[in-house]
Protein chains: 2
Amino acid sequence: MGKRIDDLMLEKSHKHVTCETCGALKDSLFCSLTGDELTSVDSNKSCSYFKKDQPLFIEGSLPRGVFCINEGKVKIYSRGEDGKEQIIHVATTGEIVGFRAMFSGEAYGVAANTLEESNICFIGKGDFLNMVDTNVNLRNGILRELSKELADRASFIKNMAQKSVRERLASSLLILDDIYAEDFINLSREDLANFVGTATETLIRLLKDFKDEGLVKTHVRKIEVLDKEGLIQLAGS
Amino acid sequence: MGKRIDDLMLEKSHKHVTCETCGALKDSLFCSLTGDELTSVDSNKSCSYFKKDQPLFIEGSLPRGVFCINEGKVKIYSRGEDGKEQIIHVATTGEIVGFRAMFSGEAYGVAANTLEESNICFIGKGDFLNMVDTNVNLRNGILRELSKELADRASFIKNMAQKSVRERLASSLLILDDIYAEDFINLSREDLANFVGTATETLIRLLKDFKDEGLVKTHVRKIEVLDKEGLIQLAGS
DNA sequence: TATTAAGTATGATCTAAGTCATTTTTTACC
DNA sequence: GGTAAAAAATGACTTAGATCATACTTAATA
């Protein structure tokens, strides 16, 4: 008899990712933590393996801590009345997810799911808030991060209100190309549509246009950006 | 010969609004400041009278401090390629405006203009950051505020992507009705359209429908909300 | 490797909402 | 108080993009 799924997950989760050796550390908000602090985080965190499309947290639940992405991708989204998702952000290696609701004391206004297999650590609310309170660099990093995101979302709103779907697709592909770095963009057509803010059918049609125009190339579901400059032109400001 | 405009402004600006007696204090992030801290803010701030549609700061400029609204309304907006404004937020009495860019160290990604005659105090960057560093309550208040706004903007994005203009107008009117509290909503049709994210003509047409349906009543440019419940129904989630 | 399900693609149709042109009303200012 | 300018309103027209129906392809699982 084969192993149970739980066993497999446990096995993978026991990769023993320690903060000290975490490849994502230097890109993360935790980069300013002292050796002692890191050791303390290490002993208070739990690291787990997530399969594709598993929830980290759901809309309306109360935050119990933060998630630190060691490896993988996570979509942050909110669901409309009709159930349609709007993806607000795609988080990647090194990012800390879910600390916003931590400060507001409110329930999550968004949900988070893995987009692919991921290794993600969890740090409890108390430990995290304690660190923020005592570590000036971490705190300033968070203030900076929150502010930057606020600016990002302002321009997201403007794009939604003023740009055509075609323009938004171009600018979305550029954003995703950065996030997926050396990999091809790897999102379902539906997720991509939910990021751009359009119907899946419309997205597919426009993506075909982009292919015909030599802007992108598709490898089944994966999308390769061929002409970054062209997309920039198309995306406008 | 009558007084020059500068004199009049000076006169009004010399209302001597002190933080201790500021009516907006209790609603503001500064409510947690100690007596000493307030005195220090007081001696380091400048308070000025702004006419209608004057800029507090413009997109792309570097922040030199924060603005505290003693009396009045301020629109926070961003301009698209074609010059069309997208209004992100309408700030009112008690709100502190412009502290987001302060933490990110970047230039303003948005602009701010008065929507009506306003009394607004200015606190320099150094003084403000200093207070944030030393006052735990203020700091936590700011973290909470930033987080809440982030959540607001996520739902703003979702609304833009998924709701019809009619639904967005309903929800915008509800938001504005809260902001204008006991007053009627007092925005130009163009500003309202730029808040809803639609063309001015479309806004005017829909507003007329709302009038016909008994949801609102207009007093020339001002808008009175008659049927809050009806608007809530219409706005959806 | 068959079978099913999920995801991707395409076609046909409809309408919400944008654009441009013009008129009416309100506001600002000599 | 009269005139000019700005804001609001209405009409006619056009189209981007949503929706629904259906076909095709890739992935999953027995």
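The chains referred to below are lettered A, B, ... by the order of the sequence lines, with proteins before strands, and numbering in each begins at 1.
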### Query
Would Arg166(B) and Glu213(B) pass as an ion pair if we require N to O under 4.0 Å?
yes
### Query
What's the CG-P distance between Leu192(A) and dT8(C), to the nearest Å?
10 Å
### Message
So, does Lys211(A) get its side chain near the phosphate of dA9(C), meaning an N or O under 4.0 Å from OP1 or OP2?
### Response
yes
### Query
Can you tell which of dA27(D), dA21(D), dC20(C) lies closest to the side chain of Glu201(A)?
dA21(D)
### Message
Let's see if you can work this out: which of dA8(D), dT27(C), dT10(C) has an atom nearest to the side-chain heavy atoms of Lys208(A)?
### Response
dT10(C)
#### Entry: Presence of donor-acceptor pair under 3.5 Å, side chain of Arg205(A) and base of dG11(C)
yes
### Message
dG18(C), OP1 or OP2 - any side-chain N/O from Thr202(B) closer than 4.0 Å?
### Response
yes
### Test: Arg153(B) and Glu149(B) ion pair at under 4.0 Å
yes
### Message
Tell me the interatomic distance from Glu190(A), atom CD, to dA27(D), atom P, rounded to whole angstroms.
### Response
17 Å
### Task
Send over the distance from Ile204(A) CD1 to dA16(D) P, rounded to a whole Å.
20 Å
### Query
So, for Ile76(B) and Ala112(B), which heavy atoms are closest and what is the spacing to 0.1 Å?
CD1-CB, 3.8 Å
### Query
Rounded to the nearest Å, what distance is computed from the NE2 atom of residue His219(B) to the P atom of nucleotide dT26(C)?
14 Å
### Query
Rounded to the nearest 0.5 Å, how far apart are OG of Ser155(B) and CD of Glu59(A)?
9.5 Å
### Task
For Glu167(B) and dA16(C), give me the distance from atom CD to atom C1', rounded to whole Å.
12 Å
### Message
Over all strands shown, is Thr200(A) touching base, sugar-phosphate only, or nothing at heavy-atom distances under 4.0 angstrom?
### Response
nothing
### Task
Just compare dT19(D), dA8(D), dG17(D) and give me whichever is closest to any side-chain atom of Ala199(A).
dT19(D)
### Message
How many whole angstroms separate atom CD1 of Ile223(B) from atom P of dA7(D)?
### Response
15 Å
### Message
So Lys84(A), base contact, sugar-phosphate only, or nothing? Heavy-atom distance under 4.0 Å.
### Response
nothing
### Query
Just how far is it from atom CG of Asn194(B) to atom CZ of Arg79(B), taken to the nearest 0.5 Å?
9.0 Å
## Note on the structure
Judged by nearest nucleotide, the residue sitting upstream toward the 5' end of DNA chain C, Ser188(A) or Ser164(B), is Ser188(A)
## Note on the structure
From CZ of Arg189(A) across to P of dT10(C) the rounded distance in Å is 11 Å
## Note on the structure
note: Lys222(B), atom NZ; dA8(D), atom P; distance rounded to Å ~ 13 Å
## Note on the structure
Taking for Leu206(A) and for Arg221(A) the nucleotide of DNA chain D with the nearest heavy atom, the one nearer the 5' end belongs to Leu206(A)
